[in-house]
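Notes for the one structure printed next.
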Amino acid sequence: MVQVLIARHIPEAGIEKLQNAGLELVYIGDRQLSKKELIEKLKEYNPDALVCLLTDTIDKEVLSSAPNLKICSTYSVGFGHIDLEATKELGIVVTHTPGVLTETVAEHTAGLICAATQRIVEADKFTRAGKYKGWEPELLLGLDLKGKTLGVLGAGRIGTRVAEIMHHGFGMRIIYHDVAENNYLHDTVDADFYPELEKMLPNVDVLTVHVPLMPSTKHLLDKNKLLMLKKGAVFVNTSRGKVVVESDLVDVLESGHLFAVALDVYEFEPEITKKLFELPNTVLTPHIASASKETRDKMAEMVADNIIAFFNGESPKNQVKL
Ligand code: GLV
């Protein structure tokens with residue numbers, strides 16, 4: 001019988017699918033495991049399949065602690081936490097959950113852009129604190145989006161969807177940087193492509209980050225680059241925290257160069273630079289951009305479908321190309 005180890009409980013929809021397919025779920029964690037604990041569980045059960053999360057470090061030491069392991073299915077679209085060189089060397093298939101969360105993450109990103117430019121969190125705190133004493137002509141002035149320029153860093157599925165929402169819904173002009181041109185973005189929102197990031201940044205009113213974490217994107221945005229943004233720009237990140245040097249982001253925000261920052265991801269999450277809590281012009285969410293009930297269920301089902309397909313001798317739909 002195929003044995004599956006689930007590092008931490010995922011929505012029931014995925015668990016049921018695996019069970020209904022006749023796979024044996026040998027362990028289902030009820031909390032985040034440390035690397036040491038995950039290794040212990042893998043040694044104890046030596047499963048055929050591992051369901052992991054973006055919070056697990058899946059390196060060679062972890063993978064080789066279960067000699068039977070054939071597939072690692074991550075409950076996330078990002079797979080920067082998995083050492084792909086090691087999976088290749090050990091002949092372990094990796095799958096992820098692309099596509100199903102695009103709309104949800106794009107909607108959350110649009111929400112963060114609105115919250116940051118309209119100072120919604122700051123205004124909410126102000127009102128709750130009993131500070132609203134009557135209408136004022138210049139109380140908590142924000143920024144309009146119509147006619148402003150959205151810079152999309154990483155024009156994959158999510159970046160493209162954010163561009164569509166912000167262009168068609170808010171009338172923003174779209175420019176983007178990526179390693180390749182995206183013809184769909186040209187056709188649908190008349191976007192301008194910037195092959196060089198440094199050339200795009202000075203034109204950006206709102207920068208939204210959607211690149212995956214890879215060696216080439218780690219710390220892609222440092223103080224130098226952030227200072228290239230227009231003065232008064234807004235910075236939004238729903239991809240991975242390590243794409244940005246968080247201490248540089250804080251310095252640039254504190255210097256007054258940026259109007260606001262909205263983040264769902266952090267360089268050292270769950271740790272967050274304290275200063276981000278103290279500054280008024282930050283909107284901070286706890287890595288929940290894909291967290292709708294529907295989407296998290298679909299992600300869990302996708303995790304299960306990939307494992308089931310693999311053990312049926314088919315190639316899983318969402319296999320990461322090594
Ligand atoms: C979320 O960040 C994911 O990668 O699914």
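Just so you know, ligand 1 is whichever comes first in the structure, and atom 1 is the first atom listed for that ligand. Positions are given from 1, in the same order as the sequence printed here.
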_atom 4 (O) of ligand 1 - nearest protein heavy atom and its distance_ =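 The protein heavy atom lying closest is R240 NH2, 2.7 Å.
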*When you measure from atom 5 (O) of ligand 1 to every protein heavy atom, which one gives the shortest distance, and what is it?*
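Protein heavy atom at minimum distance: V77 N, 2.8 Å.
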_For M166 against I113, the heavy-atom pair lying closest together_ =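 Looks like CE-CG2, 3.9 Å.
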*So which of R296, H81, H287 gets nearest to atom 2 (O) of ligand 1, if we judge by its closest heavy atom?*
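Nearest option to atom 2 (O) of ligand 1, by heavy atoms: H287.
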Close-contact set for ligand 1 against [X] heavy atoms, below 4.0 Å:
X: G78; result: 3 (C), 4 (O)
X: L101; result: 5 (O)
X: S76; result: 3 (C), 4 (O), 5 (O)

Using only heavy-atom distances, determine whether the side chains of [X] and [Y] contain a donor-acceptor pair under 3.5 Å.
X: D264; Y: T285; answer: yes
X: H81; Y: T74; answer: yes
X: E164; Y: Y184; answer: yes

*Give the contacting part of L54 toward ligand 1: side chain, backbone, both or neither, where contact means a heavy-atom distance below 4.0 Å.*
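Side chain only.
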*Can you find an N/O atom of M299 closer than 3.5 Å to an N/O atom of ligand 1?*
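It does not: no N or O of M299 is found under 3.5 Å from an N or O of ligand 1.
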*asked:* Filter on side chain to side chain donor-acceptor pair (under 3.5 Å), then keep only pairs touching residues 296-305, sequence neighbours left out; what's left?
replied: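 Residue pairs passing side chain to side chain donor-acceptor pair (under 3.5 Å), neighbours aside: K17-D305, S290-R296, K293-D297.
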_Pair K88 + E85, salt bridge at N-O below 4.0 Å_ =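 No, K88 and E85 are not salt-bridged.
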